[in-house]
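Structure first, commentary second.
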2 protein chains.
Amino acid sequence: MKITDLIACFIREALEKMDGVAELSRSEMAKQFHCSPSQINYVIATRFSPERGYLVESRRGGGGYIRLMQVSNDCDAMATHVLGSIGNSIDPLSVRAIVANLEATGVLTMEQARMIETAISEAALRPSDSNERDALRASIFKHMLLQIICLPKEGKTE
Amino acid sequence: MKITDLIACFIREALEKMDGVAELSRSEMAKQFHCSPSQINYVIATRFSPERGYLVESRRGGGGYIRLMQVSNDCDAMATHVLGSIGNSIDPLSVRAIVANLEATGVLTMEQARMIETAISEAALRPSDSNERDALRASIFKHMLLQIICLPKEGKTE
DNA sequence: ATCAAAAAGGTCAAAGAAGGTCAAACTATA
DNA sequence: TATAGTTTGACCTTCTTTGACCTTTTTGAT
């Protein structure tokens, strides 16, 4: 079995045990699995990406960590589906349609919808290169949706 | 848990207990936490900066002290001020500090704070060119803040 | 009153401890 | 054999910890 899969397995187990939120040490894991630290990043990037329903947060420096959060199961398959269906580029019109739909079906509150639209509006993204904007929009959109879906997770020591 | 966070915690508790004003002894704390005195300065500089809404005063010599004060700010004036103070480029750390402060002072709800942070996180902005990100961040940040402030907020007048 | 020692606190830079990124080399598989 | 998926390593950025050295205030001896 590939080491990548072993690591992925380990992470999944940790997530399971910790009820959807796991705080891991990259260097520890690397030591444990006798692999290079960056392989942990590889596993996370390929198996625990936002598209697959995970949020990742990390801190460097002494006492650093990588925190993975799994989208809670009770959250609509719908949003997850939408998430999967957003490619890595999306135009303003599609965004509006999707957001309106999500709002109509109660996945998003009015405020959330507004904030998302504001964040990825042409105006807000203006400093960016014009042909980059759609990609940016897709990325921000996905991250925000995910964050909202994950919301009922208390936490944050800050 | 990091010692830095322990110290920050201690200070926050002191502030809470003393109703927003705490007078501490650097050397005492250093002894208590088994750390170098300058680490206390580090914690104060990184966690209790004026940006985050704290005032710091100190005296040297015999009977010296460090006095921290939590300052409360008027919501809208503050948001407006913050808005003005954001140039057309801002780094992630400053964002975090500002948002945390706005949240602490009740200008932003927790959800709003989270959404903003998500929208302009490094991860979300990743598709963009690295030296463009700060500018983008500033733009999105301002747009979102503005949207929130301009929102007809019924019943939040206090 | 004067001055030196002691008692605080301040500053800054270097070292250490994480995590991040990227591309090149390798491997498995269609 | 192309192609996609893994593995590795060199180099980067961020956050924390420590220590050497500096400044200000108080205190006590003369």
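Chain letters run A, B, ... following the sequence lines, proteins first, then strands; residues in each count from 1.
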Round to the nearest Å and state the distance from [X] atom [atom1] to [N] atom [atom2].
X: B/E57; N: C/dA8; atom1: CD; atom2: P; result: 19 Å
X: B/R67; N: C/dA8; atom1: CZ; atom2: P; result: 17 Å
X: B/L24; N: C/dG9; atom1: CG; atom2: P; result: 10 Å

Categorize B/R126 for me: base, sugar-phosphate, or nothing, with a 4.0 angstrom heavy-atom threshold over every strand shown. sugar-phosphate
One thing to verify: whether A/R137 and A/E122 come together as a salt bridge, which I'm taking to mean a side-chain N less than 4.0 angstrom from a carboxylate O.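 A salt bridge is present here (some side-chain N lies under 4.0 Å from a carboxylate O).
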Could you check which residues of residues 135-144 of chain A get a heavy atom under 4.0 Å from DNA chain D? Sort them by number, please.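 Within residues 135-144 of chain A, no residue comes under 4.0 Å of DNA chain D.
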Close approaches to DNA chain D from residues 28-41 of chain B, in residue order (heavy atom, under 4.0 Å): B/S36, B/S38, B/Q39
From CA spacing to verdict: side chain to side chain donor-acceptor pair (under 3.5 Å), B/E103, B/Q112: CA-CA 9 Å; B/E103 187 183 345; B/Q112 291 168 335; over 6 Å; no
Output a table of nitrogen or oxygen pairs between the protein and nucleotides 14-18 of chain C separated by less than 3.5 Å.
{"unit_1": "C/dA18", "atom_1": "O4'", "unit_2": "A/G61", "atom_2": "O", "d": "3.2"}
{"unit_1": "C/dA18", "atom_1": "N3", "unit_2": "A/G61", "atom_2": "N", "d": "3.3"}

Quick one: how far along DNA chain D does chain A reach, first to last nucleotide 5' to 3', anything under 4.0 Å to a heavy atom?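 Contact boundaries, 5' end first: D/dG5 to D/dT16.
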Nearest atoms (heavy-atom pairs only) where B/V21 meets B/L15: N-CD2, 3.9 Å
Here the pair of heavy atoms bringing A/D134 nearest to A/S89 is CB-OG, 3.1 Å
Which value, rounded to the nearest 0.5 Å, describes the distance between B/F48 atom CZ and B/L68 atom CG? 6.5 Å
Drop me the distance from A/L145's CG to A/I86's CD1, to the nearest 0.5 angstrom.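 Separation between the atoms: 5.5 Å.
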Is a side-chain donor or acceptor of [X] paired with a backbone partner of [Y] at a separation under 3.5 angstrom?
X: A/S94; Y: A/I90; answer: no
X: B/E132; Y: A/D129; answer: yes
X: B/T46; Y: B/Y42; answer: yes

Which atom pairs, donor and acceptor, lie under 3.5 Å between side-chain atoms of residues 57-66 of chain B and protein residues at least two apart or in another chain?
{"unit_1": "B/E57", "atom_1": "OE1", "unit_2": "B/R67", "atom_2": "NH1", "d": "3.0"}

Run the side-chain donor-acceptor check on residues 26-35 of chain A: report pairs under 3.5 Å with partners two or more places apart or on a different chain.
{"unit_1": "A/R26", "atom_1": "NH1", "unit_2": "A/N41", "atom_2": "OD1", "d": "2.6"}
{"unit_1": "A/S27", "atom_1": "OG", "unit_2": "A/S25", "atom_2": "OG", "d": "3.4"}

When you look at B/D5 and B/R47, which way does the salt bridge (Lys or Arg N to Asp or Glu O under 4.0 Å) test go after all the steps? CA-CA 9 Å; B/D5 290 329; B/R47 316 277 216 268; 2.6 Å; yes
Under a single-linkage definition using a 4.5 Å side-chain heavy-atom cutoff for Ile, Leu, Val, Met, Phe, Trp and Tyr, are A/I40 and A/I3 assigned to the same hydrophobic cluster?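 Looking at the clustering, A/I3 is in the same group as A/I40.
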